[in-house]
Each structure stands twice: as structure tokens, then as C-alpha cells.
Amino acid sequence: MKPPYLQRRYLVSFSSHRLPHIFTDVLVIGGGAAGLRSAIEAANHGQVIVLSKGPKLESNTYYAQGGMAAVIDPADSLEDHIDDTLRTGIEINDKKIVEQCIRSAPQCVEELRDWGVQFDTDGDNLRLGREGGHNASRIVHALGDATGRAIEENLFAKAEATPDIKIFDECFALDLLTDPPEGGGDARCVGAITYHPKHGMQIIQAKVVILAAGGAGMIWRETSNPSGATGDAIAMVFRAGGQLGDMEMMQFHPTTLYIAGSTRSLVSEAVRGEGAYLVNRNGERFMPDYHEMAELAPRDVVSRAILDYMGKTGTNKVYLDVRKIGAKRFAKRFPSIFQKCCDFDIDLDTELIPVHPAAHYMIGGAWVDSCGRTSIAGLLACGEAACTGLHGANRLASNSLTEALVYGKITGQTAAEELEKTGGKFTPRAIDWTVEHSTRTELDLSDIRNSLRSVMWRNTGIVRDAQHLTETLEIIEFWGRYVLDKEFFNDPRGWEIQNMLTAAWVIVQGAILRTETRGVHHRKDYPETDPNWARHLLMTRTPAELIVE
Ligand code: FAD
Ligand code: SIN
């Protein structure tokens, strides 16, 4: 029996000529840093609609803490930032992309400052933080540890004030529309089918679509991501027949606050950059036994070390010791994290912060070129939804806001070029799609969601092996037969679970196929890095098979 994930093209039945249409030049799916930056650029050349599925501002961007990596200090150098990015990515970064992104980063920070983002300063100079894997202090930050909020609010206000941009919040994109519907070499993306609680199903027809719908952390039980990070972008591209890259590469952050019953909020790597130690409950450090950079080793090393240490000591958490920073200084430098600790009565002058690793950043995504073009004509992608090859097998801390902004701008420019190419007239054919009625048992969706997250954490987490990955694939295919066969009308939660299952299926396929250890992908049964695997892993759906390159 073919896996249900290959068969499903659209999540709902529809006749495009029967649904209300909205027309625009550029449709941007995603209102985080990448989507908003691309929209601002594209609006210089046409009309733009930006969608976000939740309330305005809600995105991974909003929660970013540590900051944005860019070479600012004259004593630092672009070459060093490039080297740090390449070293961390373990030989599969795309060097051209790394150079393009890192060289554009300082200008990108300047542009944000010109637009009013107030990065933290020491006198006239930007204050620069230090994070794991960086050999210099080069992280610009705002409001101490609320850099993402400062950037998101600024870009949102700028986009809102741009006459050619319309922002639709609470508007869920279900699927990318392609003409012809089943993809193939000639398919062109012509818009998206969307659902809004007030307006129902609609078609937003666009000459160019930019996918910037973010990451997939919610697929794992432990995650730093907000609840909207359900892998919708991955699932939409996959169903539309677009190429996905490096899906096995999920980055785990070493330190999220670990308090039973509470969501796992991030404790920024910048805290370790300010001198905090990782310790056991007796206050003893263990990272120097694992890596010469100790607490500031790249985050895959630190996450694995914590997991190993917890295993050896039979514990379920470790601690951050910030006592030498002192509560007063900590509160000034990290006001949001300080507040979170206060909420749980943790006295930072005398007590330790309990922490645990968690899924954090999806390195894989829609495979794009240096201009943001995917394998589907008319479809561009940027930000966490895309895979540019910048990060290779492991992302250097604070390089993703930089990537979202640099490639947001570039992708917006590419959209303008595409608009010029397609010109004025453009009439896609009508699309009719029917999802066959299924008589299979209905499974409890919240149970599936929780069970998926648990099994992904246990079996497709920081350390993996063939047996557990294969079992996970079988379980996900079983669930898929009962969840992917249904149509969940007017129910973004149901569609999100279908997307989570679809994205998880592709992630596990990638993790099984890459029979080596590289960066964030650690195989217990293949512990060495294999030079034959120094390449990207690309996957595409056809109704007949999963094409792997
Ligand atoms: P997002 O900001 O996640 O935006 C995604 C958008 O897509 C949202 O508007 C969402 O509503 C929309 N969307 C999703 N699905 C749909 C759908 N089906 N229909 C319509 N809209 C949809 N990186 C750094 O470089 N530095 C940091 O300090 C840092 N700290 C972080 C801290 C936390 C807690 C987290 C979670 C991440 C952090 N990261 C950091 C990573 C970084 O924030 C993200 O990679 C980056 O912000 C992604 O931006 P984006 O625009 O691609 O996606
Ligand atoms: C953090 O502040 O630790 C997150 C930085 C990042 O994800 O790049």
C-alpha cells in the first residue's frame, strides 16, 4: 500500500471557480521577519497580500532572544564569521550562500536601525553579545533579550504603513495552488487556498507566491517554538510537488526552562555568552569534559553533552548557574528571562535555573537558489521555511534572523523580477479537486498530536538509530491512513495535525536515508561523518513515489 503522504495533493475538496477570489500581484504566506521583509521589498513593484495564521505578530521571530549575527566590531572580520558558519555546518554549507549572507549582514543591521529598530548600545557603539560557535562577539540585540519582538514590531508597523501591502491575520493557508494541480515539471504556483473564520474558504490568486511560513518545532514534544510552528510550509510544498532539502536536519537548543507543566521557554545561549555555567544539581560543571569550548561549544555538541550527562547521572534536567552574573545584572541584560524565572520563584542570586534541550530550528525546508526560487515556477521561499544551504548540517547561533532578513529582501526583489516576466495578463485554468469519502475510524486528533510529538522526541530527537526511526515511520504511516484520509472542514487544528504528520514523515525519511552522523543529525548506529555524504538530501513527492536526490 502506498503511504498516504504520497497520495494527498490538496487537504480539501474544492472547485476553484465556485470559491470567492482575491487577486494580487504577490502573495506572501507568513508574517514573520522573512515574510514582512520580502513584502516590504516586493511592494515597491506591485500589490502584496501578507497572511499570518494567528494573531498579528505571533511568529517564531517574535520570540527570538539572543539576536542577529553580523560583523560590526572593526576587530572582527567577515572572513571569521564565514569561517565560523562553515565550521559549524560541517562541510555541507553552500559556500556561495554563506558569503552572500554574511557579507550582507552588517548592511542589514544598518537598514533596521535606519527604520527605527533600537539595538542595545554602549555609548555610541552597538553592544555585541557572544554565542556558541562564534569566535568573536558579534550578536546585536535589542531590549536585552527581546530582539525578535523589536524587529517584528518594527517590520509589522512598516508593512502596515505601506499602501500596497494588505495584511490578513488569522488567515490559514491550506495549500498552494498549482496549474496543473498535480505538479510535474511544467507546474506553476498560481496562489493559495485559504481559510478565514469570518470569510471561510477563499482563493487568493497571485502572479508570484512567497512562502515564509516558518518552522516545525511543534512536531517534537520538547520545543522552544510557539504553538503555530507546525510545519505547514513543509507540508504545503511537499503536497504541491516542490523539492525539499535537508529535512533530517532539525537543530535542538540546549537550554529551555524545564519546569513540569510549563511550556518550554528558551533560556538564550547569550546567557552562557555572559559567563553562565552548565552544572549538575550540586553546582559542578560538566561541559569542560565534553568540548574545549565548554559551554560555548556549538549547540549540537552542547545538546548531546547534556543528553549524555543526564543519561549517565539518571537525571531529567541540568542547570544554568548564573550566580556569578548576579540577579541585578542578569535582570538588566535579560529582562524577559529574568521575569520568567521570577514567575517560578527562582532566586538567581542563590538558585540554579533548571534546563533541558528542545527542538528549536528547522534547517531543512523548501529548497531554494540564491534568489529564493523553489523548484516550482512562481513559488519563492525564504526564512525558516526555506533551505538555502546557509547552515549546512548545523546552524550557527543567531544566523537565522540574519538569514530571514537578508533573503527576505532578496526574495522580494526576485518577486519583482518575476512580475516583470509574467507581465499583466495571467489566467490559470479552473481547478477541481475531490477528496474521496473515507469510512475509516476517526481517531482522536489531540491524542494523535501528543503521541506524534512524543514519538518524534524519543525516536527522531537528538540521537537516532535505524530501528527507532523505522518504527517511527511505520507509526506515522499508520496514523496517516486514518488522519490523511479525512477532510477537516473549517478546522485549522485538523489541518495542522495533517501537516505535522506529513512533515514528520518526510523528516523521518530523511533521517533514515542519511546513514552517517553530521552536525545536528546524530546516528548512534553510524557515529562517523562519511565523506560520501558531504551533500544535501533532496526529496520530492509524486503520486507514485518519493524521489530522493
Ligand atoms: P516566523 O517568524 O516563524 O513566521 C512564520 C509566519 O508564518 C507566521 O506569521 C505564521 O503565522 C505564518 N504561518 C505559518 N503557517 C501558516 C499557514 N498555514 N497559513 C498562514 N500563515 C502561516 N534566531 C536568531 O537568529 N537569533 C535568535 O536570537 C533566535 N532566538 C530564537 C528564540 C526562540 C524562542 C525561537 C523559537 C527561535 C529563535 N530563533 C532565533 C530562530 C528565529 O527566530 C527564526 O528562525 C526566524 O525568526 C524565522 O522567521 P520566519 O519569518 O522565517 O518565520
Ligand atoms: C538564543 O538566544 O539562544 C537563540 C539564538 C538562536 O537561535 O540563534
Side-chain angles (χ1 to χ4, degrees), residues 11 27-38 50-70 129 131-134 139-142 145-149 151-152 155-156 167-176 192-196 211-218 223-236 251 253-256 263-273 299 334 336-337 358-363 365 381-386 391 395-405 407-408 492 495-496 499:
L11 288 182
L27 171 64
V28 178
I29 304 176
L36 291 171
R37 184 64 193 84
S38 66
V50 180
L51 306 184
S52 57
K53 69 176 178 180
K56 66 177 191 178
L57 305 180
E58 179 66 6
S59 55
N60 277 11
T61 300
Y62 187 83
Y63 298 96
Q65 293 184 347
M68 237 180 107
E131 288 181 0
H134 289 272
I139 317 297
V140 296
H141 45 85
D145 56 2
T147 315
R149 174 155 58 109
I151 293 176
E152 177 73 14
L155 292 177
F156 191 89
I167 305 179
F168 298 170
D169 53 11
E170 312 280 357
C171 187
F172 189 94
L174 279 108
D175 267 308
L176 300 164
I193 177 160
T194 63
Y195 172 79
H196 188 283
L211 187 64
M218 282 313 281
T223 182
S224 65
N225 290 191
S227 61
T230 49
D232 299 356
I234 296 165
M236 280 191 273
Q251 182 176 65
H253 195 289
T255 57
T256 51
T263 50
R264 307 281 180 248
S265 56
L266 192 76
V267 183
S268 174
E269 191 149 316
V271 170
R272 278 172 280 134
R299 57 178 63 154
F334 303 110
S336 318
I337 305 170
H360 182 58
Y361 179 83
M362 178 37 86
I363 292 174
C382 54
E384 199 166 334
H391 310 301
R395 174 174 71 91
L396 186 64
S398 286
N399 265 0
S400 56
L401 280 178
T402 306
E403 183 191 39
L405 288 153
Y407 287 99
W495 299 323
E496 279 182 351
N499 286 340

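Whatever order the structure lists them in is the order used to number ligands and atoms, beginning at 1.
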Can you pull out the closest protein heavy atom to atom 2 (O) of ligand 2? Residue, atom name and distance to 0.1 Å, please.
S268 OG, 2.7 Å
Any N225 heavy atom less than 4.0 Å from ligand 1
yes
When you measure from the side chain of N60 to the backbone of A229, do you find a donor-acceptor pair of N or O atoms at a distance under 3.5 Å?
no
Ligand 2 contacted by L266 (non-hydrogen, < 4.0 Å):
yes
Close side-chain approach of E384 and E403, heavy atoms under 4.5 Å
no
Close N or O approach (Y63, ligand 1; < 3.5 Å):
no
Top protein contact for atom 53 (O) of ligand 1, by heavy-atom distance:
G214 CA, 3.5 Å
Check for a donor-acceptor pair, side chain of E496 on one end and backbone N or O of T230 on the other, with a separation under 3.5 Å.
no
Check for me whether M68 has a heavy atom closer than 4.0 Å to any atom of ligand 1.
no
Closest approach of any protein heavy atom to atom 40 (C) of ligand 1, naming residue and atom
S400 OG, 3.8 Å
Flag, side chain of S398 to backbone of G66, donor-acceptor distance under 3.5 Å:
no
With a 4.5 Å cut-off on side-chain heavy atoms, are H360 and L266 touching?
yes
What is the minimum heavy-atom distance between A397 and G132, and which atoms define it?
CB-O, 3.9 Å
Given the rule in the side-chain contact (heavy atoms from CB on, under 4.5 Å) test, do V271 and T255 qualify, once you have shown the distances and angles that lead to the verdict?
CA-CA 10 Å; V271 170; T255 57; over 6 Å; no
So the atoms of ligand 1 within less than 4.0 Å of a heavy atom of R395 turn out to be 23 (N), 24 (C), 25 (O)
Suppose we measure from atom 3 (O) of ligand 2 to each protein heavy atom; which comes out shortest, and what is that distance?
E269 N, 2.6 Å
contact_flag A212 ligand 1 heavy-atom lt 4.0 Å:
yes
How are the rings of W495 and F172 set relative to one another: parallel (under 30°), tilted (30 to 60°) or perpendicular (over 60°)?
tilted
Under 4.0 Å from any heavy atom of G383, which atoms of ligand 1 are there?
52 (O)
Can you tell me if S398 has a non-hydrogen atom under 4.0 Å from ligand 1?
yes
For H141 and T147, run side chain to side chain donor-acceptor pair (under 3.5 Å): C-alpha distance rounded to whole Å, both residues' side-chain angles, the deciding distance at 0.1 Å, then the answer.
CA-CA 5 Å; H141 45 85; T147 315; 5.6 Å; no
Show which atoms of ligand 1 fall inside a sub-4.0 Å distance from at least one heavy-atom site of G32.
2 (O), 4 (O), 6 (C), 9 (O), 51 (O)
Under 4.0 Å from a heavy atom of F172: give me the atoms of ligand 1 that qualify, with their elements.
18 (N), 19 (N)
Quick one: does any side-chain atom of N225 pair with a main-chain N or O of G215 as donor and acceptor, under 3.5 Å?
no
Among protein heavy atoms, which lies nearest atom 46 (C) of ligand 1, and at what distance?
T61 OG1, 3.9 Å
Within reach of ligand 2, part of R299 (heavy-atom separation under 4.0 Å):
side chain
Given side-chain contact (heavy atoms from CB on, under 4.5 Å), test I139 with E269 step by step and report yes or no.
CA-CA 11 Å; I139 317 297; E269 191 149 316; over 6 Å; no
Would you say A385 has any N or O atom under 3.5 Å from an N or O of ligand 1, going by distance alone?
no
Are any of the heavy atoms in Q251 under 4.0 Å away from ligand 2?
no
Closest non-hydrogen protein atom to atom 29 (C) of ligand 1, residue and atom name please, with distance?
A64 CB, 3.5 Å
Between P226 and S59, the two heavy atoms sitting closest are CG-O, 3.9 Å
What closest approach, in Å, do S268 and I337 show between heavy atoms, and which atom pair accounts for it?
N-CD1, 3.6 Å
Pick from R37, Q65, H360: the one approaching atom 33 (C) of ligand 1 most closely through a non-hydrogen atom
H360
For atom 19 (N) of ligand 1, the closest protein heavy atom turns out to be A173 N, 2.8 Å
Side-chain donor-acceptor contact under 3.5 Å, Q251 with H391
no
What protein heavy atom sits nearest atom 52 (O) of ligand 1, and how far off is it?
E384 N, 2.8 Å
Check this for me - ligand 1, G31, N or O atoms closer than 3.5 angstrom, yes or no?
yes
Heavy-atom side-chain contact between R272 and P254 under 4.5 Å:
yes
Go through ligand 1 atom by atom and flag the ones less than 4.0 Å from a non-hydrogen atom of S52.
9 (O), 11 (O), 21 (N)
N499 side chain to A235 main-chain N or O, any donor-acceptor pair under 3.5 Å?
no
If the cut-off is 4.0 Å to any non-hydrogen atom of Y361, which atoms of ligand 1 fall inside it?
45 (O)
Working to the nearest 0.5 Å, report the span between CD1 of I167 and CG of L57.
9.0 Å
Please confirm whether the backbone N or O of A359 pairs with a side-chain atom of T223, one donor and one acceptor, at under 3.5 Å?
yes
How does T255 reach ligand 2, by side chain, by backbone, by both or by neither, if only non-hydrogen atoms under 4.0 Å count?
neither
L405 vs L155 side-chain heavy atoms within contact, under 4.5 Å
yes
Backbone or side-chain N or O of S224 under 3.5 Å from ligand 1 N or O
no
Return the option from A192, P226, A34 holding the heavy atom at the smallest distance from atom 51 (O) of ligand 1.
A34
Kindly confirm or rule out an N or O of G66 lying under 3.5 angstrom from an N or O of ligand 2.
yes
Which heavy atom of the protein is the closest neighbour of atom 8 (O) of ligand 2, given with residue, atom name and distance?
S398 N, 2.6 Å
Return yes or no for this condition: an N or O of N399 is under 3.5 Å from an N or O of ligand 2.
no
Side chain, backbone, both or neither: which applies to L266 and ligand 1 if a contact is any heavy-atom pair less than 4.0 Å apart?
side chain
Determine, considering heavy atoms only, which of G67, A359, C382 sits nearest to atom 26 (N) of ligand 1.
G67
For ligand 1, which atoms, with element, lie under 4.0 Å from some heavy atom of C171?
19 (N), 20 (C)
Answer yes or no for A397: is there a heavy-atom contact with ligand 2 below 4.0 Å?
yes
Which of the numbered atoms in ligand 1 are below 4.0 angstrom from a heavy atom of D232?
15 (N), 16 (C), 17 (C), 18 (N)
Ligand 1 contacted by A33 (non-hydrogen, < 4.0 Å)
yes
Just verifying a value: how many Å separate D169 CG and K53 NZ, rounded to the nearest 0.5 Å?
14.0 Å
Shortest protein contact, atom 12 (C) of ligand 1 (heavy atom only)
G30 CA, 3.7 Å
Nearest non-hydrogen contact to atom 25 (O) of ligand 1 from the set L401, T402, L174 belongs to L401
If you measure from the Lys or Arg side-chain nitrogens to the Asp or Glu carboxylate oxygens, is any gap between E152 and R149 under 4.0 Å?
no
With a 4.5 Å limit on heavy-atom distance, are the side chains of T61 and L36 in contact?
no
